[in-house]
2 protein chains.
Amino acid sequence: MERNPPPRVGLAAVAREAGVSTATVSNTLNRPEIVAAATRARVLSVIERLDFVPNTTAASLRTGTNRLIGLVVPDITNPFYSEIAKGVAAAADEQRLGVILCNSQDDPVRELSQLEMLAEQRAAGALVVPITADAKRLARLRSLGTHLVLIDREADDGCSTSIDDVAGGRLAAQHLLSTRGDDFVLVNGSHAIPQCIDRRSGARAALSAAGLEPDDLVEYEVTEMTTEAGVGVARLLLTAAEAGAPLPSGVLCTNDQLAIGIIRGLTQHGVSVPEQVAVVGYGDLAIAADAPIPLTTVEQPKYALGHAAVEMLVAEIRGEQSGHRHSTSVFRPSLVVRDSAP
Amino acid sequence: MERNPPPRVGLAAVAREAGVSTATVSNTLNRPEIVAAATRARVLSVIERLDFVPNTTAASLRTGTNRLIGLVVPDITNPFYSEIAKGVAAAADEQRLGVILCNSQDDPVRELSQLEMLAEQRAAGALVVPITADAKRLARLRSLGTHLVLIDREADDGCSTSIDDVAGGRLAAQHLLSTRGDDFVLVNGSHAIPQCIDRRSGARAALSAAGLEPDDLVEYEVTEMTTEAGVGVARLLLTAAEAGAPLPSGVLCTNDQLAIGIIRGLTQHGVSVPEQVAVVGYGDLAIAADAPIPLTTVEQPKYALGHAAVEMLVAEIRGEQSGHRHSTSVFRPSLVVRDSAP
DNA sequence: ATGAAAGCGCTAACAA
DNA sequence: TTGTTAGCGCTTTCAT
């Protein structure tokens, strides 16, 4: 079982064996068109035979470029982020880039030190889903030198890919409006979260567009956007109904977990969904389709978000000298109609 | 908005500014104890002032070691793998390692090319959740030079971290046996999947241990381990019951999706869970706790699996010359009792 | 305790 | 078309 690793063969060994210079070996790899077909074939066969694996570390040092990019997400376990990561990984594969995954765990300090690590690795750039949009922080990140593309957050100064949450909120509200009327309620997360604000704005915009007063929209704000919180709000709704107020004909939730909680809370108490109350979620996670009553929800192009971010980063890197204008691509969400709100 | 990137300062610039040699700067960074306190302070202040970011690429080239490891998973979107990734990312942070994420998408060809990429990057090693355990393939991977630690699959020749699926199957079966009796059925995935085989073996072992005949265990095998497939099996169970055979008192599923499907299929037809039929899942994904009837299931230490794998890889790398014996650490799953099978 | 200098493996002028 | 050669930025003997 003694298995001393064979001494790594380098460009020089290949060159010697093939009877050419190192430059020619390098060229057959990087610019095959400028080397004679015969030589190329000979070199390639030697490479094969010696099991030569080029050392990109050395190449990076020499060229000053690196085929490595960073991806910083708050929690890779969250389906929203892991879908993004999947899109990033696929695009990176296409571009022959490696992705350094950093899980910031919602900790700004950790996030910063990870960006620092990426800078030390001389990553060509980084895609980050920032924990806080604090402009000062972002400037600091950028000053670390690597190119930055923000995901799921618009950058005033720089590239980003994001989703139009206002449009998503509008879409959901319009659906409820046209199928159920105007007496739906909004179940929202903390107003400290930009996405929650935007979705709410969209819902209000839909109301305005229908000639209604947006301030009449009843909103329940929860601190944790969990299934449990949803069940809690459902109870509130039922209590109010017992006190005489009618149940709303629709509930618009700003994520899927809340919506599932609402449905559970309502159905447990004999209220039927969607007959008595229609429920719309937001996000289209796997749980939406798999729920006991499949969820009508706003689908977010998460994979596309990640995929596009890589392409944007590559464009930014390429355009480094050739002049590059920062850009933002905003994806439009769409409504997926299922049983919970037909 | 013209912002020419400032020319990167290197070790040499720092040395010049601090009036010392590059060796001293390097030493204050890597072996601070051997440089005089006064010099060290001066150098550090210059580093700070010039915003010097060491270039690990160059260091790697020089030392032949790299603070980068690879992580290859079949699908980062799958909660099982993303939990592992989280554990890997955390452990890597602790060890100041970068993690290159590769999503093999269940494609052996892609997996191989990703391992090749890791070899080109001279990653210090790779953690892989292999698509196929084919020994020849693994040998080929190892021959690419980087150290390998397998995750969720035992390596006959090399390091690995895995979960004892036989124990998990036994745990689940024992629970059903002691709370419900011996007339439970097994709903399993394809026998081509080692984990499915192991979980089945565990269930059979539990039967044997109770003095029962393992061959009497009724098993339903599905090709896709989805919620839908679970609903399908539930229907089969109900049809059989109509034909006179009694419903089993328990159902043991080899993943959580199947269990949720079973519950849905049964309850939709008026069968109460757990009163008439107890259902046990496997995996303890988020959906288990969040299900309408919270799921009794076998919890797998996914995070620990990833975390331990990093430590094992580090040990293997360290022990490269100092003699290192390959090891396998096998984690024991545990049973989480919830409402679906109290 | 510090400095001088030789590379790590590769790429890219430039020369032939 | 191919070869020669000078580094990329760092670490590490070996002197001093």
Side-chain angles (χ1 to χ4, degrees), chain A residues 5-44 46-47 50-68 117 119-124 145-146, chain B residues 5-44 46-47 50-68 117 119-124 145-146:
Chain A
R8 271 245 172 268
V9 304
L11 217 48
V14 176
R16 200 181 320 119
E17 194 75 8
V20 296
S21 73
T22 60
T24 300
V25 179
S26 174
N27 282 332
T28 63
L29 253 25
N30 303 318
R31 302 135 77 188
E33 66 283 2
I34 75 159
V35 22
T39 332
R40 197 195 313 152
R42 186 152 37 94
V43 171
L44 287 176
V46 173
I47 286 178
L50 299 190
D51 243 337
F52 167 65
V53 179
N55 185 333
T56 52
T57 293
S60 291
L61 179 58
R62 178 60 232 243
T63 62
T65 65
N66 204 334
R67 302 202 66 76
L68 241 24
M117 182 267 273
E120 290 180 7
Q121 297 282 358
R122 293 297 186 273
T146 48
Chain B
R8 270 247 173 266
V9 304
L11 219 46
V14 175
R16 200 180 321 117
E17 194 76 7
V20 296
S21 73
T22 60
T24 300
V25 179
S26 174
N27 282 332
T28 65
L29 253 24
N30 303 317
R31 304 136 78 188
E33 66 283 2
I34 75 160
V35 23
T39 333
R40 196 196 312 151
R42 186 152 38 93
V43 171
L44 287 176
V46 173
I47 285 177
L50 299 191
D51 242 334
F52 167 65
V53 180
N55 185 333
T56 53
T57 294
S60 291
L61 178 57
R62 179 58 234 243
T63 63
T65 65
N66 203 333
R67 302 202 67 75
L68 243 22
M117 183 266 274
E120 290 180 5
Q121 297 282 359
R122 293 297 187 272
T146 49

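Numbered from 1 within each chain, the chains take letters A, B, ... in sequence-line order.
For the residue pair A13(B) and V9(B), the shortest heavy atom distance occurs at CB-CB, 4.2 Å. What you find for T28(A) and R40(A) is that their closest heavy atoms are CG2-CA, 4.0 Å. Across all non-hydrogen atoms, the minimal contact from Q121(A) to N66(B) is OE1-OD1, 4.4 Å. Of all heavy-atom pairs between A18(A) and V46(A), the closest is CB-CG2, 3.8 Å.
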- Task: For nucleotides 2-10 of chain C, just jot down a letter per nucleotide in 5' to 3' order: B, S or -, based on protein non-hydrogen atoms under 4.0 Å.
- Result: SBBBBBBBB

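Note that CG of N27(B) is 8.5 Å distant from CD of E33(B), once rounded to the nearest 0.5 Å. If you take CD on E17(A) and CG on L50(A), they are separated by 5.5 Å, rounding to the nearest 0.5 Å. Separation of atoms OG1 (T56(A)) and CZ (R67(A)) is listed at 10.0 Å; rounding is to 0.5 Å.
In this structure the side chain of T57(A) never reaches within 4.5 angstrom of the side chain of L61(A), judged on heavy atoms. In this structure, the side chains of L68(B) and L68(A) come closer than 4.5 Å at one or more pairs of heavy atoms. Residues L29(A) and I47(A) are in side-chain contact: their nearest non-hydrogen atoms beyond the backbone lie under 4.5 Å apart.
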Pairs under 3.5 Å (N/O, protein and nucleotides 14-16 of chain C):
none

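Extent of DNA chain D lying under 4.0 Å from chain B heavy atoms, first and last nucleotide in 5' to 3' order, is dG9(D) to dT12(D).
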